[in-house]
Each structure stands twice: as structure tokens, then as C-alpha cells.
Amino acid sequence: MIVSRFAPSPTGFLHLGNARTAIFSYLFARHHGGKFILRVEDTDRERSTREFEDMLLEDLKWLGLEWDEFYRQSERLDLYREYTQKLMESGHAYPCFCTVEELEREREEAERRGVPYRYSGKCRVLAPQELEEYKRLSKPYTIRFKVPDGRLVVFEDLIKGHIAINVDDFGDFVIVRSDGTPTYNFVVVVDDALMGVSHVIRGEDHIPNTPKQILIYEALGFQIPKFAHLPVILGEDRSKLSKRHGAVSVRNYREEGYLPEALFNYLCLLGWSPSGTEREIFSKEELVSLFRLEDVNSSPAVFSKEKLRWMNGVYIREVVSTERLVEEFIPFLERAGFSANKEYVKRVIEKTRDSFETLSEGVERLKVFFVDRVEFSEEAKAVLENEKSRHVLELFLDKASQTDLNAQKVKDIAKEIQRELGLKAKDVWHVLRASLTGQLEGVGVDVICDVMPRDRLIDRIENVLKYF
RNA sequence: GCCCCCAUCGUCUAGCCAGGUCCAGGACACCGCCCUUUCAAGGCGGAGAUCGCGGGUUCGAAUCCCGCUGGGGGUGCCA
């Protein structure tokens, strides 16, 4: 059975890089008809909060990721203790009474002498009476894993290929902190093993951890899973994508008006491309059936907000249903202070969805449909203050009074006005646009007349006649 | 410093594993034209990569091998 998992720590919003890791891990499991586990890694009590966890789960759901099993490491502490005990008994781990200060000093010393630092391992060989003394004083201690000498740990990474690391590069590492909580490298092994994880898919920043974990798998007699390390996502400056680069959390994009399926689709294409097609727009189902780890790139990719934006535009204008779009759009309208009737919004969206790329841009572009009072730009004022504009508007009102208004009617009327007043089409439309929207650019005037209620249109024009 | 990973248009990438069909294909962004009541969208076209550099192997290398350089990551009682 194929089992993959996503194991975030609840210390902030869901980061784009983690989101992509989650997506790949999810697609992999679904592709193989396997199981996808969500495991919250909250053993770091200093930084983990339940609020962040809630956000994380919400963001994952919003993205469209659903998991088959859910675990929280803080609820499995007894289990980890059991395995710590096993490692102690089998001589794979030992208590270490060194203080942070002492260790810090050793590290600085190594730094100064220009030699690579690794823990000396001095607590490996404590004399029995020394140990007794510490116990008697209840001196706090950590538990360290005993790293064997000269061992070359080798594994075949599903993305990176053959990787060999000499464990002499690191000293005995801590698996249980002095406050009794277990550390990442240890719990990740216990959990992955116990949860039957067959494929560990995670960021490449975990490659250096992998040999440590393999050592623990072996010490505990667990079966070693397959590893797949995804390349990192970079910012424009080619350093690891972080807050410095601006909006980097899923939440940011959600709030800016990106659709979850567009973000999902875009993130998939960062570091992966399906073989045998040059298409780029895929449904989740298609992604599930196309996804293969073999097609994941081994080199890091730069995140391009430009391209995400374009793709979001594709989803807005041609992928999602109008109903969906309306549902997504209304909260944005409301947040901008407009009250909206669903049927009306739907009529607006139907005609205009091909003209904006994010929902917040949509609000900007479409607010002319919802404002009570039109605000005029300087250019629009200039147009309306022209004497000819008055004739155009009066004539328009006159002609409109005998008929209802829709796109075709408005075009007819504009043409008549143009002929009767000897104007260029452009001039007529400009005046109408300025009166109706207060702007010289934006959605087509015919569309506006098609969608907006007749009395509102007439109102706006009469208003202009009154004040200009 | 030490360890590890990576290297095709500005960016995402195809091609690399099974060397010739690649004077390198697609997408975003960019530029131009068309459409047009404006801005977008859309249509058409253009520019853009001596396949990081240097050696090999080979009749032939983006593709295989070695070295170098550059970039990234790790080096915690964070995950």
C-alpha cells in the first residue's frame, strides 16, 4: 500500500513551498490509490500554537487537499517515550548532561580553530558514579543518539538519485530535549514507521537529515521507506522563497483573490511538468492521473507571481463556472463595502469575467456596477465639461425614453447620435462612458447598459446633466 | 570552513536515462500588428538560449565521463 504524508509544523501560515510539497505528496498518494496522511509536528512547544494549526488546516482544505488520517505529535508523546526507552536499552542512545552553555562554548571553540563542529560524545562514557551523582542532583539531561563511526549511509532518492553521506560529518545528536520532548529527527522516524509511510516526500532541505533518520530506522529495526526530496522554491533573487520576497503564504493569495484551483495548478508546474503534453491547465483529476515523481525536476524553481496571475486569469475567464465565480466574488465585493444581489452579480460576471485576473482586480474593475455615486476622474470631467457632451446626453435620454436599453439598443442609439450630431463614434462613446462610469476606460459601455437596471443608467446621465 | 544538492531563452519548462530527427520546442513576461467605443481579453507575428565554462569519449553531444566555476541548501536541546 502506498502511503505518503504531509508533516507541517504549526508555526505560521501555510507557506507556498510547503503547500507545493503537500500537493505533490497528495497527488502521489492519489495517483497510486494510496493513503495520504496529515501529521501536525508540534513537538516544539515554543513555537507551535493551536491557532496556527487551525489556519494550516483551513488553508489546506481551501487548496482542495483532503487527508485520510490525521495525527498530532503532541498527543503521541507516550509512544515516543516507549521508543526512546528501546533505544536506551539497546545501547543506541544515552543521556547527555552537557548544558547548552557548555555546548555553545565547544561550538565557538571549534569555530575559532576553524574545524567543523560536532558533539564530542563525552557523555557516552560517563563513569557510573558520575552518572549516579547527576541523577542524585536531578541534573537535567538530553538523550542523544549514538552515531556509529565511519558509516557511509547510502540511499536512492526518487528525485535526486544516488546520495551517499558519511555520518562522521555529524556527532551524536539529541533525540529528546531536556524538557522531555522528543526532537524532529527522532519522532519523524517513529511516526513514519508506525504509520506505514512508504514514501517520504519532502523538501530537499531535509536531505542532510535523512542519514540520521536512516540510522534510527535501523536501530529500531524498522523498514526504511523510499525518499523523494523536492527542490526548493526560490524568490526572484534566487534565494529560498521567504517573507522577504513579499506574499509567500497561501493565505496571502487567497486574500488577494486567487482561486484555489489556479494556485494548485500553478504550484504543480513549479518543478514538475507532465510528460507527453505541452498543456498547462489541468483539473485536479487530470493532475492526479498525470503526476509521477519521475517527472519532478531536480533543480530549484523561481516562483513567478506574474505567471500565477496569468493562470488565475485563465481560470477566471474560462475554467470555473459562473456560479463558482459569483460565490467567490461576492465576499470580495462585500469586503469592499458593496452590498450585492446574487442574480445581479451573476449577470455582471457573465459578461465581464474575461477582463480581470484576480478577484480583487475584479472588484476594482467592476465597481462601476455597484457604486451608488459615480466618482469622476479628471479626464472624465474634462470630457463632460465639453459643450458637445450635453447634446449627446440629451439626445441619448430622448431616444432612450422611447425604448428599453440593452447592448444592441445602445449601439443603435449611439450610431444615430453619431449621425445626427456629425460626430465620430469614439466621441459619442466617450461621453456615455464618462457619464456612466466616471472613467475613460473599463468595461464596454454596451455591456454596462446591458446589465445595469435602466433607471440607474438614466439616473447617472441625468445626474451629469444636472451637475456639469 | 565542512557536507550535500543543482546548472537549457529574463522566468517556468520540453528534450537528457536509451547520443544524430534540436543551427533546441512550448508557456509567462516583453515588443509589433489586427480586432475595437476605452482599458483589458482575444487573434497573428517578432525578439529572446553559442544548452554555465573547460577538457575528454564519439563519425556525431544539450544529451555520456572528468574537472572548474556559479548558485542553492544543511551544519540546533527548529522542523
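Convention: sequence-line order gives letters A, B, ...; per-chain numbering from 1.
- With P as the reference atom, rG10(B) and rC66(B) are 28 Å apart, rounded to whole Å.
- On the C1' atoms, rA79(B) is 30 Å away from rU13(B), given to the nearest whole Å.
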| request: Evaluate ring pair (Phe, Tyr, Trp, His ring centres under 6.0 Å) for F376(A) paired with F468(A), printing each intermediate quantity in order. | output: CA-CA 11 Å; F376(A) 298 88; F468(A) 282 87; 5.3 Å; yes
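- The aromatic rings of Y80(A) and F186(A) sit perpendicular, their planes meeting at an angle over 60°, well past the 30° parallel limit.
- Side-chain atoms of S298(A) stay outside donor-acceptor range of the base of rC6(B), with no qualifying N/O pair under 3.5 Å.
- Look at the P atom in both rU75(B) and rU57(B): the space between them is 43 Å, to the nearest Å.
- Taking side-chain N and O atoms only, K415(A) has no distance below 4.0 Å to OP1 or OP2 of rU37(B).
- Near RNA chain B, meaning a heavy atom under 4.0 Å from it, residues 355-367 of chain A has S355(A), R365(A) in order of number.
- Comparing rA49(B) with rA24(B), their P atoms sit 10 Å apart, to the nearest whole Å.
- Look at the P atom in both rG54(B) and rA14(B): the space between them is 25 Å, to the nearest Å.
- The C1' atoms of rA41(B) and rC28(B) are separated by 16 Å, rounded to the nearest whole Å.
- Near RNA chain B, meaning a heavy atom under 4.0 Å from it, residues 4-16 of chain A has S9(A) in order of number.
- Taking 3.5 Å as the limit, the base of rA79(B) and the side chain of D205(A) contain no donor-acceptor pair of atoms between them.
- N166(A) comes within contact range of no nucleotide atom at all, as no heavy-atom separation falls under 4.0 Å.
- In terms of polar N and O atoms assigned as donor or acceptor, the side chain of K307(A) never comes within less than 3.5 Å of the base of rA29(B) in a complementary pairing.
- A sub-4.0 Å separation between OP1 or OP2 of rG42(B) and a side-chain N or O of R317(A) is present.
- Across the C1' atoms, rG48(B) and rC12(B) are found 15 Å apart, a figure rounded to whole Å.
- Within the structure, a side-chain polar atom (N or O) of R107(A) is placed less than 4.0 Å from OP1 or OP2 of rG76(B).
- Each of D44(A) and E318(A) has a nearest nucleotide on RNA chain B; the 5'-most of these lies closest to E318(A).
- Stacking between W429(A) and rU37(B) is shown: the ring centroid lies under 5.5 Å from the centre of the six-membered base ring, and the planes differ by under 30°.
- Backbone-only contact: K240(A) has heavy atoms under 4.0 Å from sugar-phosphate atoms and none from a base.
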